[in-house]
S.K.: 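If you scroll down you'll find the structure; I have some questions about it.
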Amino acid sequence: MRFLRLSDEQSEQLAETPEHLPNIIFVKCSSISDEPFVVVNEQILISPTEHHRNSDNLMRNSLGSALFAQGSREENLKVLDKWRQGLETAPEIELLKLEPDELTRLLFSLSVPPGIALPPVAGPYGHLPLMGTTGKTEVFYRCEVFAKSFRIDQTGSKIRGGTYAFPASDLAFVPTGLAAVGRYSLPLLFPAVYRWELQPVAGAAIRCGACVPAFGQSGGGVEVFFNALTTNRGPIANPVKLPVL
C-alpha cells in the first residue's frame, strides 16, 4: 500500500484541525495497521514505511509527471484530480493526539535507520518554542504538493487555524519545490511546487521556530504556525507554481 484517497468530507474535517508539521497530520487507520499514517495536505493518506520502501517507483508515476508538467494551474488540477480519483478510497481514520515528546519520538522513528536508539525526551528538538503576533505588513508563504489547498480559504480570504507557513525572509532559500521538501522536512518526496502568498491581518497569534529534521530531511527552515483562524488583508491569489529543480 502506498497512497489512499481521502474523501472531501475527511479532508474538510482534517482542515479544521491543527497540523502536526508543515503539510502533515498524523492519523490512525486501525482497519489497516497499528502504525501511524501520514496525511499530506489533507488529501492523501500514506504509510510512512511503505512510502520510503517504494519511493523510486513513486517518482515515476503519473503524479510525478503532472508535477513536472508546465501547464496552467487549471490543467494541473485536472491531471492531479484524475490521479487522485484513481486511488483506492481511504477507510475511516482517527486523529492522533500527540504530546510534544511523543511527536519527537515518532519523527525520530520515521527518520533514523533501524537500530539507532531513540531519545527518551524531546529535549532540544522541542518544536516552535517562541510566541508572537503578526505585524501590519508581514507576508508569509506556504508550499504544498497539490494545487488545491484545504487549509487556505480563498473564498473567505482566511487562513485556517493550525496551519504552518514560512516568513518572507526564508523565501530566497525556497526557489524550487524540492527545496521546500528538504528545508521543511516534508514526508512526501514529490516537490511542493505550489506556493501560496499569505498576508494576515496584524495581531494574529503565531508560534515560530526552526524546522527540526524529520523523514530523513535536513530541515533548518524558519517556520510559523497560525494558532487560530486568521483573516487575510486582501484576496488570496492562486498559488505560484515553482520549478521542480
S.K.: Can you tell if the side chain of Ile32 reaches within under 4.5 Å of the side chain of Pro91, non-hydrogen atoms only?
M.R.: yes
S.K.: Partners of Asn41 by side-chain hydrogen bond (donor to acceptor under 3.5 Å, both in side chains), sequence neighbours excluded?
M.R.: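 Listed in chain order: Asn23.
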S.K.: Rounded at 0.5 Å granularity, tell me how far CG in Leu95 sits from CD1 in Ile93.
M.R.: 8.0 Å
S.K.: Is any side-chain heavy atom of Thr230 closer than 4.5 Å to one of Lys158?
M.R.: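 No, every pair of side-chain atoms sits at 4.5 Å or beyond.
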S.K.: Listed by chain and number, what are the salt bridge (Lys or Arg N to Asp or Glu O under 4.0 Å) partners of Arg195, not counting sequence neighbours?
M.R.: none
S.K.: Say you draw a straight line from CG of Asn238 to OG of Ser149; how long is it, rounded to the nearest 0.5 Å?
M.R.: 11.5 Å
S.K.: Could you tell me whether the side chain of Phe166 reaches within less than 4.5 Å of the side chain of Cys143, counting heavy atoms only?
M.R.: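 They are in side-chain contact.
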S.K.: State which residues pass side-chain hydrogen bond (donor to acceptor under 3.5 Å, both in side chains) with Lys28; sequence neighbours excluded, sorted by chain then number.
M.R.: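 None.
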S.K.: Please lay out, stage by stage, how Leu130 and Arg207 fare under the test side-chain contact (heavy atoms from CB on, under 4.5 Å).
M.R.: CA-CA 6 Å; Leu130 305 177; Arg207 303 203 323 260; over 6 Å; no
S.K.: Is it true that a side-chain atom of Glu223 and a backbone atom of Leu21 form a donor plus acceptor pair closer than 3.5 Å?
M.R.: no
S.K.: According to side chain to side chain contact (heavy atoms under 4.5 Å, CB included), who are the partners of Ser218, at least two apart in sequence or on a separate chain?
M.R.: none
S.K.: Calculate, to the nearest 0.5 Å, the distance between atoms OG and CZ belonging to Ser157 and Arg233 respectively.
M.R.: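 Rounded to the nearest 0.5 Å, the OG-CZ separation comes out at 12.0 Å.
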S.K.: Could you list the residues that satisfy salt bridge (Lys or Arg N to Asp or Glu O under 4.0 Å) with Asp8, not counting sequence neighbours?
M.R.: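 If we apply the salt bridge (Lys or Arg N to Asp or Glu O under 4.0 Å) test to Asp8, skipping adjacent residues, the hits are Arg84.
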S.K.: Taking side chain as C-beta onward, heavy atoms only, is Tyr141 less than 4.5 Å from Leu171?
M.R.: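 The answer is yes, as the side chains (C-beta and beyond) meet within the 4.5 Å cut-off.
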S.K.: Can you give me the closest heavy-atom contact between Pro36 and Leu96, atom names plus distance?
M.R.: CB-CD1, 3.7 Å
S.K.: Mind checking side chain to side chain contact (heavy atoms under 4.5 Å, CB included) for Ser169 and listing every partner two or more places apart, or none if nothing turns up?
M.R.: Pro167
S.K.: Give me the atom names and distance for the closest heavy-atom approach of Gly209 to Pro129.
M.R.: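 The answer is CA-CD, 4.1 Å.
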S.K.: Decide yes or no on side chain to side chain donor-acceptor pair (under 3.5 Å) for Ser11 and Gln43, but give the supporting numbers first.
M.R.: CA-CA 6 Å; Ser11 295; Gln43 298 177 59; over 6 Å; no
S.K.: Of all residues at least two apart in sequence or in a different chain, which pass the side-chain hydrogen bond (donor to acceptor under 3.5 Å, both in side chains) check with Ser33?
M.R.: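 Testing Ser33 for side-chain hydrogen bond (donor to acceptor under 3.5 Å, both in side chains), a comparison that skips the adjacent residues, returns none.
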S.K.: State the CG-CG distance between Leu4 and Leu87, to the nearest 0.5 angstrom.
M.R.: 7.5 Å
S.K.: Val224: which other cluster members, linking ILVMFWY side chains closer than 4.5 Å, directly or transitively?
M.R.: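 When side chains under 4.5 Å apart are linked, the cluster holding Val224 also contains Phe140, Ile152, Ile159, Trp196, Leu198, Ile206, Phe226, Ile236.
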S.K.: May I ask you to decide if Phe26's main-chain N or O and His20's side chain share a donor-acceptor pair within less than 3.5 Å?
M.R.: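 Yes.
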S.K.: Hey, are the side chains of Leu14 and Leu6 touching, using non-hydrogen atoms and a 4.5 Å cut-off?
M.R.: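 Yes, close enough: below the 4.5 Å cut-off.
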S.K.: Going by the rule side chain to side chain contact (heavy atoms under 4.5 Å, CB included), which residues pair with Glu12 if we only count those two or more places apart in sequence or in a different chain?
M.R.: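 Phe150, Arg160.
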S.K.: Quick one: does any side-chain atom of Tyr164 pair with a main-chain N or O of Arg142 as donor and acceptor, under 3.5 Å?
M.R.: no
S.K.: Which ILVMFWY residues are connected to Val201, directly or by a chain of links, through side-chain heavy atoms under 4.5 Å apart?
M.R.: none
S.K.: Check Ala192 against Leu186 and note the closest heavy-atom contact, atom names and distance.
M.R.: CB-CD1, 3.8 Å
S.K.: In terms of heavy-atom contacts, does CD of Gln13 have more than 12 from other residues, nucleotides or ligands at under 6.0 Å?
M.R.: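 Counting neighbours around CD of Gln13, 12 or fewer heavy atoms of other residues, nucleotides or ligands fall under 6.0 Å, so no.
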S.K.: Are Val222 and Leu128 grouped together when hydrophobic residues (ILVMFWY) are joined by side-chain heavy atoms under 4.5 angstrom apart?
M.R.: no
S.K.: Looking only at atom types and distance, does a side-chain atom of Thr134 sit under 3.5 Å from a main-chain N or O of Ala204, one as donor and one as acceptor?
M.R.: yes
S.K.: If a pair satisfies side chain to side chain donor-acceptor pair (under 3.5 Å) and one of its residues is in residues 170-191, list it, with sequence neighbours excluded.
M.R.: Asp170-Arg183, Asp170-Tyr184
S.K.: Just jot down the side-chain hydrogen bond (donor to acceptor under 3.5 Å, both in side chains) partners of Glu42, sequence neighbours excluded, or say none.
M.R.: Arg151
S.K.: What I'd like to find out is whether the side chain of Val244 reaches to under 4.5 Å of the side chain of Val193, using heavy atoms alone.
M.R.: yes
S.K.: Looking at every non-hydrogen atom in both residues, tell me the closest pair between Ala90 and Leu45 and how far apart they are.
M.R.: CB-CD2, 4.0 Å
